[in-house]
There are 2 protein chains.
Amino acid sequence: MPGVCTGGPQGRPGRTGKAMKGKSASPQSESPQSASPQPASPQPGRSPSGGARKHAASLATVARDAGVSVATVSRIVNGKIGRASAETIARVEEAIARLSYRPNSVGRALRHRASRVVAMLAPNLDNPAMAAIAVSVESALRDAGYVMILCDTHDRAELQDDYLRAMRDQLVAGYVMVSAVRSKGLEETLKRGDPTVFVARRNPLGGGAYVGIDNRQAGADVADFLLGCGIERPAVLMAQQNASSTSERAAGFIERLVARGVPNDAIRRAIGPGLSHIEIGYAAAGMLVREGGWPRGALCVSDMIAYGAYRLAVEHGVPIPQRCRLVGVDGNAINAWIAPWLTSIRIPYESFGGHVVAQLQSLWSGVSTSEVHVAHEAPSAWSNPGAPARPATGAG
Amino acid sequence: MPGVCTGGPQGRPGRTGKAMKGKSASPQSESPQSASPQPASPQPGRSPSGGARKHAASLATVARDAGVSVATVSRIVNGKIGRASAETIARVEEAIARLSYRPNSVGRALRHRASRVVAMLAPNLDNPAMAAIAVSVESALRDAGYVMILCDTHDRAELQDDYLRAMRDQLVAGYVMVSAVRSKGLEETLKRGDPTVFVARRNPLGGGAYVGIDNRQAGADVADFLLGCGIERPAVLMAQQNASSTSERAAGFIERLVARGVPNDAIRRAIGPGLSHIEIGYAAAGMLVREGGWPRGALCVSDMIAYGAYRLAVEHGVPIPQRCRLVGVDGNAINAWIAPWLTSIRIPYESFGGHVVAQLQSLWSGVSTSEVHVAHEAPSAWSNPGAPARPATGAG
DNA sequence: ACAACCCAGGCAAACGTTTGCCTTAGTGGC
DNA sequence: GCCACTAAGGCAAACGTTTGCCTGGGTTGT
């Protein structure tokens with residue numbers, strides 16, 4: 001009931017929404033031989049205004065109007081000139097304009113056995129980093145004349161496979177797999193040689209086109225940063241699920257710490273369970289603190305994990321970053337506005353789209369592709385450590 | 001150069017990324033009669049492994065294998081039984097399994113003149129609220145057997161029109177317009193009677209199916225909340241661009257304040273320029289403060305605007321919410337983790353998908369639709385006003 | 001005068017489905 | 001024996017493109 005002026009504590013924030021009804025009905029084409037024949041299929045001709053709806057103009061319409069054959073119109077539309085006289089071209093173009101003809105992508109796709117649609121499969125778009133990738137890829141695809149089908153896999157292998165199959169049925173031109181998980185369907189897709197680009201997390205089956213940062217290096221950079229801040233025993237907060245990307249960050253971090261003389265068993269590792277990184281961060285921080293109090297600094301292998309840890313710190317009244325410097329990885333744009341306490345390695349997600357499309361185009365033209373490592377930025381926070389403007393500590 | 005242990009202030013956070021090269025090349029089908037014939041179209045048969053690739057099985061393949069006609073296979077696949085004997089069905093299903101046949105969506109779409117794809121057009125997915133809507137709609141569509149093409153319109157009318165056209169060429173089954181802007185193409189789409197659902201912002205041309213909250217009521221609720229907190233002269237931070245949704249919130253807010261005895265000219269309104277709500281919030285707060293100092297409380301017509309205002313408060317050393325209570329609208333999930341200072345009206349975006357799909361199905365079956373008003377929640381923050389756990393103010 | 005070309009464009013076969021209509025058998029009723 | 005009916009399934013025409021091949025006329029070369 002809206003209107004009440006209360007709004008007390010809601011308990012710990014739980015579900016990120018999305019009840020995920022366990023139906024697991026495969027999207028598109030509810031598995032052949034199923035008995036349910038597309039319920040309530042969109043009746044194209046039906047309209048409340050009744051009567052025979054005018055269909056959009058097709059090649060045939062234009063051809064008739066211009067007094068030529070469909071072949072000629074098709075060639076003109078596709079710029080295959082040299083096959084038509086100037087007058088014919090003019091006549092056809094006039095007809096096209098008059099009928100406001102636009103080529104039908106579905107017909108094209110059928111003929112070409114490939115559409116101008118690219119599928120992007122990603123886990124939880126709730127993560128701002130994922131959203132940033134989606135935005136970037138979408139825009140780059142658009143500039144290249146493609147559109148994007150977005151599939152939220154929730155990091156679940158079966159769902160990923162459902163989508164892979166459904167996308168194949170769509171004759172998509174390629175796949176963009178963001179943080180893909182290992183699965184049977186993925187294996188098949190790759191074996192078939194379908195154009196596939198992995199983003200942010202390497203192909204769990206090895207090989208393949210990849211766009212991402214050098215995660216090991218990023219981890220090492222954080223180690224250098226924390227040591228450089230005078231924090232001699234930093235910890236690391238990570239996820240249980242060993243996704244190549246984040247575990248590489250942790251590995252690079254530890255490696256560098258050890259290389260710089262920190263005893264291996266002095267590096268406290270907290271591994272949070274679950275799926276949502278934000279809850280992982282909360283849980284991992286809790287474990288860490290229970291076992292030995294707050295560290296003076298920590299690598300959080302993703303910004304979301306840092307958010308979770310921050311929440312615990314706030315609950316405990318531990319000021320961040322003064323008593324514990326958290327360093328995340330991602331550099332979400334929102335940090336600059338509402339998370340000034342967070343130091344983060346910024347990943348330039350806004351440039352990923354261009355690289356992804358370039359990789360796809362390589363695959364389409366048969367060129368073999370290699371991994372693309374985008375440069376990440378140095379650890380940075382909104383304000384310098386110890387600089388004047390600090391959040392919400394000023395005179396109150 | 002990664003590795004440096006500095007990371008000073010980056011200046012005010014600026015661009016939300018996305019350089020938007022002004023190309024404005026229409027996605028898909030670069031406008032007929034254009035001379036550029038699909039550069040580097042995906043060569044379907046080409047594979048580095050060379051040789052004739054095996055195409056996926058089609059109805060014809062299955063028919064041949066089972067020794068029946070394609071018509072029979074089609075009918076069986078679609079569950080139109082009663083036309084085939086039990087043995088035939090068994091034989092065909094066996095063939096389907098053996099060849100792992102899956103119906104080709106493109107062929108279907110061509111035949112039906114409508115695909116099982118729904119287009120969602122939204123401005124900037126950077127906004128967590130938009131992302132939440134996208135997640136919800138995607139999931140609901142999937143459960144209904146559809147997939148979603150996502151189009152980022154950047155709130156620009158021409159881009160919206162480009163996409164609307166491109167989506168029509170795709171024979172999409174329907175349109176989900178999130179915060180649509182008025183445009184010529186939208187007008188045509190509606191005139192054509194294409195199934196269209198508006199989300200979060202009403203149809204700028206009036207009428208049509210809608211899913212969203214009662215924005216006026218939400219504004220009034222915030223007014224009640226702030227007055228109830230003893231804040232007698234609250235302000236409002238809003239955007240210049242008069243989107244129906246946010247301006248209705250502001251209107252409802254002011255209306256209620258006036259109704260409860262606040263003199264109209266005592267209500268300070270700050271109207272920020274620009275497109276990104278977060279920068280609008282920053283700018284609006286700046287204007288407000290310059291003109292008369294910080295208010296004791298304010299409605300921010302969206303959470304993003306509150307984020308922007310918060311940044312200014314941090315810069316000025318003004319503690320939020322102690323000295324100025326900000327109340328946003330959206331209730332982004334992230335608030336509970338890293339924005340405990342924010343009170344917000346939560347909009348249950350995770351339930352929008354279901355309503356949107358229901359609206360679409362109504363449209364598809366020719367039933368006339370009405371607006372769906374989802375109930376928003378009461379203003380709430382993570383912690384009670386003045387409750388013990390306050391962020392980062394504890395003993396340092 | 002004839003071969004060799006080129007130009008402009010049409011024919012028709014795909015691509016994978018769906019579906020109205022037809023045919024062929026079989027069955028029951030009279 | 002004939003009619004009516006049903007069950008089982010095939011034929012072929014769409015849906016909108018693309019493209020290899022063909023044709024008919026014109027030009028050029030010798």
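Residue numbers begin at 1 in each chain, while the letters A, B, ... track the order of the sequences. What you are looking at is a predicted structure, and each value in this text was computed from that prediction instead of being measured.
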Student: I want to check one thing: is the phosphate of dA8(D), taken as OP1 and OP2, less than 4.0 Å away from some side-chain N or O of Thr88(B)?
Tutor: no
Student: Is the number of heavy atoms from other residues, nucleotides or ligands within 6.0 Å of CG (Leu205(B)) greater than 12?
Tutor: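 Enclosed: over 12 neighbouring heavy atoms sit under 6.0 Å from CG of Leu205(B).
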Student: Can you work out whether Val70(A) or Ser85(A) has the more 5'-proximal nearest nucleotide on DNA chain C?
Tutor: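 Its nearest nucleotide lies further toward 5', so the answer is Ser85(A).
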Student: Should Glu187(B) and Lys191(B) count as an ion pair when the cut-off is N to O under 4.0 Å?
Tutor: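 Salt bridge between Glu187(B) and Lys191(B), a charged N being under 4.0 Å from a carboxylate O: no.
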Student: Quickly work out the Arg108(A) CZ to dT19(D) P distance and round it to whole Å.
Tutor: 10 Å
Student: Answer with base, sugar-phosphate or nothing: what part of the nucleic acid does Val106(B) contact at a heavy-atom distance below 4.0 Å?
Tutor: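 Answer is nothing: Val106(B) stays at 4.0 Å or more from every strand.
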Student: Go through dT19(C), dG16(D), dG9(C) for me and flag the one nearest to the Lys80(B) side chain.
Tutor: dT19(C)
Student: Which is true for Ala84(A) with a 4.0 Å heavy-atom rule: it touches a base, it touches only sugar-phosphate, or it touches nothing?
Tutor: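 The residue Ala84(A) makes sugar-phosphate contact but no base contact.
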Student: If you check the Ala71(B) side chain, which of dT17(D), dT17(C), dA12(D) turns out closest?
Tutor: dA12(D)
Student: For Arg108(A) and Asn78(A), test the side chains for any donor-to-acceptor distance below 3.5 angstrom and give the result as yes or no.
Tutor: yes
Student: Would you say Thr72(A) reaches dG10(C)'s phosphate, i.e. side-chain N/O to OP1/OP2 under 4.0 Å?
Tutor: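 True: Thr72(A) side-chain N/O within range (under 4.0 Å) of dG10(C) OP1/OP2.
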Student: Quick one: on DNA chain C, does Gly107(B) or Gly67(A) contact a more 5' nucleotide (nearest heavy atom)?
Tutor: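 The residue mapped nearer the 5' terminus is Gly67(A).
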Student: Please give, in whole Å, the distance from dC15(D) C1' to Leu110(A) CG?
Tutor: 9 Å
Student: Measure from CD1 on Ile76(B) to P on dA8(D) and round the result to the nearest Å.
Tutor: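 Roughly 11 Å, once rounded to whole Å.
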Student: Is Asp194(A) salt-bridged to Arg168(A), cutoff N-O under 4.0 Å?
Tutor: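 No, this pair does not count.
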Student: Please report, rounded to the nearest Å, how far the C1' atom of dA14(C) is from the NE2 atom of His55(B).
Tutor: 11 Å
Student: On the nucleotide dC15(D), are OP1 or OP2 found under 4.0 Å from the side-chain N or O atoms that Ser58(A) carries?
Tutor: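 No.
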Student: Between the base of dG10(D) and the side chain of Arg75(B), is there any donor-acceptor pair under 3.5 Å?
Tutor: yes
Student: Taking side-chain contact (heavy atoms from CB on, under 4.5 Å) as the criterion, tell me which of Met148(A), Glu138(A), Met120(A), Gln359(A) meets it with Val176(A).
Tutor: Met120(A)
Student: Round to the nearest Å and state the distance from Arg83(A) atom CZ to dT23(D) atom P.
Tutor: 15 Å
Student: Given atom CG of Leu59(B) and atom P of dT19(C), what is their separation to the nearest angstrom?
Tutor: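 Spelled out: CG on Leu59(B) to P on dT19(C) is 12 Å.
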Student: Atom CD1 of Ile96(B) to atom C1' of dT17(C): distance rounded to whole Å?
Tutor: 14 Å
Student: Can you identify which nucleotide, out of dG10(D), dT17(C), dG16(D), has its nearest atom closest to the Pro103(B) side chain?
Tutor: dT17(C)
Student: Whole angstroms only, please: what is the NE2-P distance between His112(B) and dC15(C)?
Tutor: 21 Å
Student: What's the closest nucleotide to the side chain of Arg113(A) if the choices are dG16(C), dG10(D), dA8(D)?
Tutor: dG16(C)
